[in-house]
Amino acid sequence: MRKVLILLYVSFCCLQAYSQGNNYVQNYTKFEGLALTPPMGWNSWNKFACNVDEKMIKEIADVMVSTGMKAAGYTYINIDDCWHGDRDSMGFIHPDPLRFPSGMKALADYIHSRGLKIGIYSDAGSQTCGGRPGSRGYEFQDAHTYASWGIDYLKYDWCNTEGLKAEGAYKTITAALRRAGRPVVLSICEWGNDKPWEWGAQVGHLWRTTGDIYNCFDCVEDHGTWKSWGVMQILDKQEGLRQYAGPGHWNDPDMLEVGNGMPPNQDRAHFSMWCMIAAPLIAGNDLRQMSEQTINILKNKEVIAINQDELGVQGFKYQVKDSIETWYKPLINGDWAVCFLNRAKTPGQLEVSWQLEQVKDTLAKREMDARALIYNIRNLWTAKNMGNTGKALRAVVPGQDVLMLRLSRK
Ligand code: GLA
């Protein structure tokens, strides 16, 4: 009897100790309710690479407001690689004291005071791609630090991750962010190596589908062990992925290069296609020095509305005729976006007999039946009405440019 009592007592103590040590169950799923439409904002990498500091970031936040970009929907100011200083003796990460002398909390407060949100960058490996301290082994501590600074968005990269499995590594940072308690958009930057579209929807809000974009419309840059891709090459790599995108979880074909040197026709085509495929719209140019043309592209509200459409369906390539691709995207209320993309350098002749068109999107279970219904046509780049689908459309699409339309039910 005494033995039984002792055994019972020991078991009780063990159970109590166990339950006290495990009173928190990790949550490996992302914060819900964020990024219900593709995230919009700005990121430092495409234009500035490692050349980031608090003065520039504050100026970008200011012009985000003064240029009307914020009013157009751009919200996140994301600092990419190289903001980091060292870890202290307790393992806490600090920003580079020369580049960010006021600290990240002060910068976050500044950005928040402008009605914007702040994003930061880290890496699942031991070091970031730029050789700064990564979060491997410090995930919970870093997530706690970011929450204390007031961070709203985390881009989490994949350099120096030898021996790690992508899904597990991203789940670890998600659990860490959940535990820190501040809702954060998680941008999975794993370049599509381990098919993040197959597991990313539970873990993060967007996932890169490819390697890095670079500022060229139709080219590939070979760096030896890796390549960066032009706009058309990235677009082609989205094939077969649309079924994975939807409210709260998006395919990310990388940040925008609009305003970084391509001519307006190529910038317009790039921006239009990113809108058609419901891509995150993260500007990557110097917002302090935008030409009128760049502003007009990035701020085109009717084109942005296609991207931000609540239905949240990624568009698809419907047809290819000579150099012109026709893309469709179903929209809320039975509307459709149609984009004719001319990939050639020379103008292309377009002729659409709407009365013969019946476009079926089996994924979204939507149908555009111009044989049975008449749609009004709006040209989104000229902001002009163009009659309706009762009559065939004849147009010239300039080289490496688009004709982008919204078809609305009468
Ligand atoms: C990787 C990412 C880029 C950028 C750099 C920073 O290449 O894919 O988007 O964040 O790292 O070093």
Side-chain angles (χ1 to χ4, degrees), residues 38-53 56-57 60 76-85 93 95-96 99-100 118-136 142 146 151-162 164 166 169-170 173 184-197 200 203-216 220-231 233-235 237-238 241 250-260 270 274 279-286:
M40 292 177 68
W42 174 89
N43 173 294
S44 52
W45 184 255
N46 284 357
K47 175 71 185 176
F48 298 98
C50 270
N51 202 11
V52 285
D53 59 57
M56 182 267 279
I57 299 291
I60 294 285
Y76 293 97
I77 303 280
N78 295 347
I79 312 164
D80 207 277
D81 206 347
C82 305
W83 58 266
H84 320 67
I93 188 75
D96 181 324
R99 293 178 174 273
F100 295 88
I118 179 169
I120 213 167
Y121 162 101
S122 190
D123 188 290
S126 51
Q127 289 196 330
T128 69
C129 299
R132 304 307 197 270
S135 288
R136 186 171 186 173
D142 284 356
Y146 302 157
I151 300 297
D152 306 296
Y153 184 115
L154 174 65
K155 174 175 168 184
Y156 204 58
D157 214 342
W158 192 241
C159 278
N160 307 301
T161 50
E162 291 70 28
L164 286 179
Y170 282 95
I173 195 65
V184 168
V185 169
L186 178 63
S187 156
I188 298 173
C189 181
E190 181 268 1
W191 318 313
N193 294 356
D194 211 16
K195 300 190 176 163
W197 43 87
V203 185
H205 303 88
L206 57 157
W207 50 82
R208 281 274 296 277
T209 53
T210 68
D212 291 4
I213 194 169
Y214 87 111
N215 189 26
C216 187
V220 179
E221 193 170 44
D222 198 338
H223 306 271
T225 51
W226 60 287
K227 292 187 174 113
S228 28
W229 309 96
V231 171
Q233 283 66 25
I234 296 228
L235 181 65
K237 287 172 183 288
Q238 309 312 307
L241 299 183
W250 308 100
N251 289 311
D252 174 8
D254 208 356
M255 304 168 295
L256 296 166
E257 291 285 9
V258 174
N260 278 341
H270 170 28
W274 262 229
L281 295 182
I282 308 291
N285 57 316
D286 187 348

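Atoms considered below: every heavy atom in the structure, side chains included; atoms not considered: hydrogens, waters and symmetry mates. Sequence positions, counted from 1, serve as the residue numbers for this chain. Both counts, for ligands and for their atoms, begin at 1 and track the order of listing. For clarity, every value in this text was computed on a predicted model and none was experimentally measured.
Side-chain contact check for Asp142 versus Arg136: every heavy-atom pair is 4.5 Å or farther apart. In this structure, the side chains of Asp123 and Thr161 come closer than 4.5 Å at one or more pairs of heavy atoms.
Contact atoms of ligand 1 toward Gly130: 12 (O) (distance under 4.0 Å to a heavy atom of the residue). Heavy-atom proximity to Trp191, at under 4.0 Å, picks out these atoms of ligand 1: 2 (C), 8 (O). Near Cys189, the atoms of ligand 1 lying under 4.0 angstrom from a non-hydrogen atom of the residue are 2 (C), 8 (O).
Asn160 places a side-chain N or O within 3.5 Å of a backbone atom of Gln127 that can act as its donor or acceptor partner. When atom types are taken as modelled, the side chain of Trp42 and the backbone of Asn285 share a donor-acceptor pair closer than 3.5 angstrom. Of the possible donor and acceptor atoms, one in the side chain of Thr128 sits under 3.5 Å from a partner among the backbone N and O of Arg132.
Taking atom 12 (O) of ligand 1 as the reference point, the nearest protein heavy-atom neighbour is Asp81 OD2, 2.7 Å. For atom 1 (C) of ligand 1, the closest non-hydrogen atom of the protein is Asp157 OD2, 3.0 Å. The protein non-hydrogen atom at the shortest distance from atom 5 (C) of ligand 1 is Trp45 CE2, 3.6 Å. When only non-hydrogen protein atoms are considered, atom 4 (C) of ligand 1 lies nearest to Asp80 OD1, 3.4 Å. Protein heavy atom closest to atom 9 (O) of ligand 1, with residue, atom name and distance, is Lys155 NZ, 2.8 Å. With hydrogens left out, the protein atom closest to atom 3 (C) of ligand 1 is Asp212 OD2, 3.5 Å, a heavy atom.
Here Tyr76 pairs with Tyr153 under the ring pair (Phe, Tyr, Trp, His ring centres under 6.0 Å) rule; sequence neighbours left out.
Residue contacts with ligand 1: Tyr121 is included, with a non-hydrogen atom under 4.0 Å away. Heavy atoms of Thr128 stay at 4.0 angstrom or farther from ligand 1.
What you find for His205 and Val185 is that their closest heavy atoms are ND1-CA, 3.5 Å.
Taking distance alone, with nitrogen or oxygen atoms compared against 3.5 Å, Arg208 approaches ligand 1 more closely than that limit.
Neither the backbone nor the side chain of Cys82 comes within contact range of ligand 1; no heavy atom lies under 4.0 Å.
Note on ring orientation: taking the six-membered ring where Trp is involved, the planes of His270 and Trp274 are perpendicular (angle over 60°, cut-offs 30° and 60°).
A salt bridge links Lys155 and Asp80; the closest N-O separation between the charged side-chain nitrogens and carboxylate oxygens is under 4.0 Å.
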